[in-house]
Amino acid sequence: MRHNAFSDQIRLSRRFAGRFITSVISLAVATAAGCNSIDYQKLTTGEISGSLFVMWVGEGNSSGDGSFLFVPDPHDPLIFHRADPAAPGSTIKPGLMYTDGGSIPKIAQVFKGLSPWG
């Protein structure tokens, strides 16, 4: 009886290992299939129009970030038009917003040369 229990355990372990390996391979194939490259030279470009007005409103925190306020000009608003006017979000018109002046995530700003000021 002891031999049968051991054999059953080995069979279950092999079945689990086989399913695990199949799952890992499937995940790798699905991930690789989703990876592709974009040829930016072939993309149609959008267009930016309007004026940009940003005011400094504070020193920020110890990481050196400043606080800025983007104020849209009611007579000449900042607008981005995508090349395809039928695409969702084809026109982007930002409203009043606070910003640190850069697009560098906080976690990356600890590295030299990656601050909003660098």
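Please read these numbers as outputs of a predicted model, since none were measured by experiment. Because only heavy atoms are used, hydrogens play no part in the values below, and waters and symmetry mates are left out as well, while side chains stay in.
- In this structure the side chain of L96 reaches within 4.5 angstrom of the side chain of V71, judged on heavy atoms.
- Taking OH from Y40 and OG1 from T45, the interatomic distance works out to 14.0 Å, rounded to the nearest 0.5 Å.
- Considering only heavy atoms from C-beta on, V57 comes within 4.5 Å of Y98 through its side chain.
- From L78, atom CG reaches atom CD1 of I48 across 6.5 Å, with rounding to the nearest 0.5 Å.
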For residues 81-90, run the donor-acceptor check on the side chains, cut-off 3.5 Å, and write out each pair with its distance to 0.1 Å, sequence neighbours left out.
{"residue": "R82", "atom": "NE", "partner": "G89", "partner atom": "O", "Å": "2.9"}
{"residue": "D84", "atom": "OD1", "partner": "A86", "partner atom": "N", "Å": "3.0"}
{"residue": "S90", "atom": "OG", "partner": "P85", "partner atom": "O", "Å": "3.0"}

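- T99 OG1 to F70 CZ: the interatomic distance, rounded to the nearest 0.5 Å, is 10.5 Å.
- Residue P72 comes nearest to G95 through the heavy atom pair CG-C, 3.8 Å, listed as atom of the first residue, atom of the second, then distance.
- Note that the CD atom of E47 and the CZ atom of F80 stand 9.5 Å from one another [nearest 0.5 Å].
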